[in-house]
**Student:** 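Here it is, the structure, as structure tokens.
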Amino acid sequence: GDDTDGHIDTLARFSDPQTICYASCNDKTDEHYESLYKMAEELKQFRTIDGDPYHLIPLPIPKAIYNQKNQRLPATYANFLIINHAVLLPIYHDSNDEVAIHRLSECFPDHEIIPIDARVIIQEFGSLHCLTMQLPKGSLA
């Protein structure tokens with residue numbers, strides 16, 4: 001139940017030193033529309049160390065998913081996990097899943113994109129990247 005809502009790994013991620021993948025929303029009726037629009041506008045102002053604008057890849061957010069307490073869950077494609085030669089991408093059986101797969105394929109052309117159904121994981125208010133953080137020493141032994 002560790003709510004990671006608003007952490008950077010749910011909003012924007014580097015795929016290489018010049019490219020940022022970020023959560024985006026085109027639905028003006030969505031409660032996250034205004035905040036994500038403002039974030040996109042701010043990202044457009046960012047510059048690389050060489051002064052160039054970043055290559056920005058919008059990842060649509062899936063339709064809102066709620067738990068039994070009617071709390072919106074942190075469904076986002078930005079919470080992907082980069083591993084050796086692959087990227088684990090949280091998906092939600094949403095119409096935007098295919099868009100996210102395609103866009104991450106552009107960001108990681110040398111990696112296999114592996115979709116992972118994250119609907120159960122987000123019930124605890126995190127996703128794939130959040131789930132793998134801060135593993136205690138010796139926990140993988």
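Just so it is clear, the model here is predicted, and its values are computed rather than measured. All residue numbers in this chain count up from 1 along the given sequence.
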**Student:** Are Thr19 and Asp16 close enough that a side-chain donor and a side-chain acceptor fall under 3.5 Å?
**Tutor:** yes
**Student:** Out of curiosity, Cys107 SG to Phe80 CZ, how far, rounded to the nearest 0.5 Å?
**Tutor:** 7.0 Å
**Student:** Evaluate the side-chain contact (heavy atoms from CB on, under 4.5 Å) criterion for residues Ser24 and Ile61: first the C-alpha distance (whole Å), next the side-chain angles of each, then the deciding distance (0.1 Å), finally the verdict.
**Tutor:** CA-CA 6 Å; Ser24 68; Ile61 60 170; over 6 Å; no
**Student:** Any non-hydrogen side-chain atom of Leu89 less than 4.5 Å from a side-chain atom of Ile116?
**Tutor:** no
**Student:** Hey, are Glu42 and Lys38 close enough for a salt bridge, meaning a charged N less than 4.0 Å from a carboxylate O?
**Tutor:**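 No, this pair does not count.
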**Student:** Quick check: closest heavy atoms across Asp94 and Lys63, and the distance to 0.1 Å?
**Tutor:**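 Looking at all heavy atoms of both residues, the shortest contact is OD2-N, 2.9 Å.
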**Student:** Working to the nearest 0.5 Å, report the span between CD1 of Ile91 and CD1 of Ile113.
**Tutor:**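 Result: 12.0 Å between the selected atoms.
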**Student:** Looking at every non-hydrogen atom in both residues, tell me the closest pair between Tyr77 and Asn96 and how far apart they are.
**Tutor:**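 Result for this residue pair: OH-C, 3.3 Å.
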**Student:** Measure up the His111 and Phe108 rings against each other and bin them: parallel (under 30°), tilted (30 to 60°), perpendicular (over 60°).
**Tutor:**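 His111 vs Phe108 ring planes: perpendicular.
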**Student:** Is any side-chain heavy atom of Tyr33 closer than 4.5 Å to one of Asp27?
**Tutor:**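 Counting from C-beta outward, Asp27 and Tyr33 never come under 4.5 Å.
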**Student:** Might you point out which heavy atoms bring Leu36 and Ala23 nearest each other, and give the distance in Å?
**Tutor:**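 Shortest heavy-atom separation between Leu36 and Ala23 comes out as CD2-O, 3.7 Å.
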**Student:** Keeping Tyr92 on the side-chain end and Thr76 on the backbone end, is there a donor-acceptor pair under 3.5 Å?
**Tutor:**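 Confirmed, Tyr92 side chain pairs with Thr76 backbone.
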**Student:** Do Leu59 and Tyr22 touch side chain to side chain, with heavy atoms closer than 4.5 Å?
**Tutor:** no
**Student:** For Arg103 and Ile57, indicate whether the former's side chain and the latter's backbone hold a donor-acceptor pair under 3.5 Å.
**Tutor:**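 The answer is no, because no donor-acceptor pair under 3.5 Å joins these two groups.
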**Student:** Side-chain contact, heavy-atom cut-off 4.5 Å: Phe46 with Pro53?
**Tutor:**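 The answer is no, as the side chains (C-beta and beyond) never meet within the 4.5 Å cut-off.
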**Student:** Could you please spell out the steps behind the side chain to side chain donor-acceptor pair (under 3.5 Å) verdict for Glu106 and His102?
**Tutor:** CA-CA 7 Å; Glu106 293 176 7; His102 175 75; 2.9 Å; yes
**Student:** Give the intermediate values and the outcome of side chain to side chain donor-acceptor pair (under 3.5 Å) for residues Asp50 and Thr48.
**Tutor:** CA-CA 5 Å; Asp50 297 326; Thr48 67; 4.7 Å; no
**Student:** Given the rule that I, L, V, M, F, W and Y join up when any side-chain heavy atoms are under 4.5 Å apart, are Tyr37 and Leu43 in one cluster?
**Tutor:**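 Tyr37 does not cluster with Leu43.
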**Student:** Could you walk me through whether His85 and Asp110 satisfy the side chain to side chain donor-acceptor pair (under 3.5 Å) test, starting with their C-alpha distance in whole Å, then the side-chain angles of each, then the deciding distance to 0.1 Å, before giving a yes or no?
**Tutor:** CA-CA 7 Å; His85 309 292; Asp110 298 328; over 6 Å; no
**Student:** Shared ILVMFWY cluster between Ile101 and Val99, side chains joined below 4.5 angstrom?
**Tutor:** no
**Student:** In Å and rounded to the nearest 0.5 Å, what is the CG to SG distance from Leu56 to Cys21?
**Tutor:**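 Going from CG on Leu56 over to SG on Cys21, the span is 9.5 Å.
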**Student:** Please examine the side chains of Glu112 and Val87, heavy atoms only from C-beta on, and report whether any two atoms are closer than 4.5 Å.
**Tutor:**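 Heavy-atom side-chain distance check fails, nothing below 4.5 Å.
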**Student:** side-chain contact (heavy atoms from CB on, under 4.5 Å) between Met39 and Leu11: does it pass, once the steps are laid out?
**Tutor:** CA-CA 9 Å; Met39 180 183 75; Leu11 297 171; 3.8 Å; yes
**Student:** Taking the six-membered ring of Tyr54, is NZ or CZ of Arg47 closer than 6.0 Å to its centre and within 45° of its axis?
**Tutor:** no
**Student:** Is Asn26 close to Pro60 at the side-chain level, that is, under 4.5 Å between some pair of heavy atoms?
**Tutor:** no
**Student:** Looking at every heavy atom in both Arg13 and Ala78, which two are closest together, and how far apart are they?
**Tutor:** NH1-O, 2.9 Å
**Student:** Do Glu41 and Lys44 sit within salt-bridge range, that is, some charged N less than 4.0 Å from a carboxylate O?
**Tutor:**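 So Glu41 pairs with Lys44 through a salt bridge.
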